[in-house]
Amino acid sequence: MTTWQAEPLPLFQTPEWARLVGVFDLETTGVDVENDRIVTAHVGVLDANGRVVDARDWLADPGVEIPAGAAAIHGISTERARAEGAPAPRVVAEVVEALGALFAAGIPIVAYNAPFDFSMLKNEAVRHGVAPIADPSPVIDPLVVDKTFDRYRRGKRTLSVVAEHYRVPLESAHEACADAVAAGRLALAEKFGPWLPSTLDELHTRQIGWARAQAASLTEYFVKIGRLDATAPAIDGAWPIR
């Protein structure tokens, strides 16, 4: 006699893309993606339970002074970067290669506020004569997803705040490794899985539209409160790279 077992409801099935995700984060000399430089980088892979199955960290000598404000955030001084860091061109090339290998394998890369990290990496690659990742895909951005499905939640949307909201541990915030892993676990922990597209291509494409709409909404709000002039250029909503 065969024992009957309930079939899992599709609503609660883990999306295929969530079974293995890459994670990526940079710490830098500043927030200008065109002119600032990479200081540390992390690329890793998590399984569906958020366990780290592969990981690599880099410390670069950016070739410029690291401002005191940036060093206070990520803990890397100019002196340490010069003494312990690898040459920036080598670090950039290896990070590009690591991400490219994951994309080639069909593994999505989770990056919180993806346009910052991918744009910074692209500009660094061009600066050092490395072929850039001009069109990273597939990418999952927990910030874009959270702002889409929990639009009216009050408060900041920094990684540390959003991670706390979803009860994702984040120790040593602003270290590339800790931030990357927390972002990956956040993507797996966000409660919107059943409503997200089941395929990576559709999920990636949807986020392009979501990010554009979010930028337009923020532009409208800034104009309304006088923070942005109505004749000024709109906030750039390009995603996942600018």
Side-chain angles (χ1 to χ4, degrees), residues 21-46 50-102 109-133 136 139 141-143 156-164 168-186 240-242:
V21 299
V23 296
F24 168 49
D25 188 74
L26 301 173
E27 295 298 329
T28 62
T29 60
V31 297
D32 183 340
V33 297
E34 293 185 357
N35 298 302
D36 279 311
R37 309 297 176 89
I38 294 171
V39 179
T40 63
H42 179 88
V43 176
V45 178
L46 307 183
R51 289 188 293 255
V52 177
V53 297
D54 196 10
R56 183 170 179 188
D57 294 284
W58 290 265
L59 170 60
D61 175 0
V64 299
E65 293 282 334
I66 299 174
I73 292 173
H74 53 59
I76 308 297
S77 65
T78 301
E79 293 72 25
R80 181 182 171 190
R82 287 175 177 170
E84 303 176 19
R90 189 174 86 198
V91 169
V92 171
E94 290 177 356
V95 172
V96 167
E97 181 181 16
L99 292 172
L102 292 177
I109 305 295
V110 177
Y112 197 86
N113 190 20
F116 174 81
D117 296 277
F118 282 108
S119 299
M120 177 73 73
L121 181 64
K122 178 193 72 175
N123 291 320
E124 279 277 67
V126 171
R127 180 177 294 114
H128 296 298
V130 176
I133 301 175
V139 173
D141 189 337
L143 175 60
K156 295 181 179 180
R157 303 279 179 145
T158 61
L159 175 58
S160 57
V161 169
V162 176
E164 182 178 4
V168 172
L170 174 55
E171 299 178 0
S172 303
H174 299 297
E175 288 185 4
C177 175
D179 286 0
V181 171
R185 290 173 176 164
L186 182 56
I241 194 167
R242 294 171 185 153

Inset, instruction - Carefully, step by step, assess Glu175 and Asp57 under the rule side chain to side chain contact (heavy atoms under 4.5 Å, CB included). - result: CA-CA 10 Å; Glu175 288 185 4; Asp57 294 284; over 6 Å; no
Inset, instruction - Identify the residue among Asn35, Thr29, Thr28 that makes a side-chain hydrogen bond (donor to acceptor under 3.5 Å, both in side chains) with Asp32. - result: Asn35
Inset, instruction - Taking the side chain as every heavy atom from C-beta outward, state whether Val181 and His42 have any pair of such atoms under 4.5 Å apart. - result: yes
Legend entry - Salt bridge Glu34-Arg127, side-chain N to carboxylate O under 4.0 Å: no
Inset, instruction - Quick one: do Val52 and Arg185 satisfy side chain to side chain contact (heavy atoms under 4.5 Å, CB included)? Show the steps, please. - result: CA-CA 10 Å; Val52 177; Arg185 290 173 176 164; 4.2 Å; yes
Legend entry - Exam field: side chain Asp141 to backbone Ala114, donor-acceptor pair closer than 3.5 Å: yes
Legend entry - Under 3.5 Å: donor-acceptor pair, side chain of Asp61, backbone of Gly85: no
Inset, instruction - Look at the side chain of Asp36 and the backbone N and O of Val31, then say whether any donor-acceptor pair between them is shorter than 3.5 Å. - result: yes
Legend entry - side chain to side chain contact (heavy atoms under 4.5 Å, CB included) between His174 and Glu27, intermediate numbers included: CA-CA 7 Å; His174 299 297; Glu27 295 298 329; 4.3 Å; yes
Inset, instruction - Kindly say whether Val130 contributes a backbone atom to a donor-acceptor pair with the side chain of His128 at under 3.5 angstrom? - result: no
Inset, instruction - Write down the atom of Pro136, the atom of Pro240, and the distance for their closest heavy-atom approach. - result: O-CG, 3.6 Å
Legend entry - Non-hydrogen atoms of Ala71 and Ser77 that approach each other most closely: CB-CA, 4.3 Å
Inset, instruction - Please report the shortest heavy-atom distance between Arg80 and Leu59, naming the atom on each side. - result: NE-CD2, 4.2 Å
Legend entry - Separation of Leu159 CG from Leu186 CG (nearest 0.5 Å): 7.0 Å
Inset, instruction - State, to 0.1 Å, how close Ile241 and Ile133 come at their nearest heavy-atom pair, and which atoms those are. - result: CD1-O, 3.5 Å
Inset, instruction - Test Phe24 against every option in Tyr112, Phe118, Trp58 by the ring-ring contact (aromatic ring centres under 6.0 Å, His included) rule and name the one that passes. - result: Phe118
Legend entry - Asp179 side-chain N/O to Ala173 backbone N/O, donor-acceptor pair under 3.5 Å: no
Inset, instruction - With side chain to side chain contact (heavy atoms under 4.5 Å, CB included) as the test, would you mind laying out the steps for Leu99 and Leu121 before giving the verdict? - result: CA-CA 11 Å; Leu99 292 172; Leu121 181 64; 3.5 Å; yes
Inset, instruction - Identify the two heavy atoms, one from Ser160 and one from Leu170, that lie closest to each other, and give their separation to 0.1 Å. - result: CA-CD2, 3.6 Å
Inset, instruction - Any chance you could measure Asp117, atom CG, to Ile38, atom CD1, to the nearest 0.5 Å? - result: 8.5 Å
Legend entry - Heavy-atom closest pair, residues Gly50 and Leu46: O-CD2, 4.0 Å
Legend entry - Any side-chain heavy-atom pair of His74 and Ile66 under 4.5 Å: yes
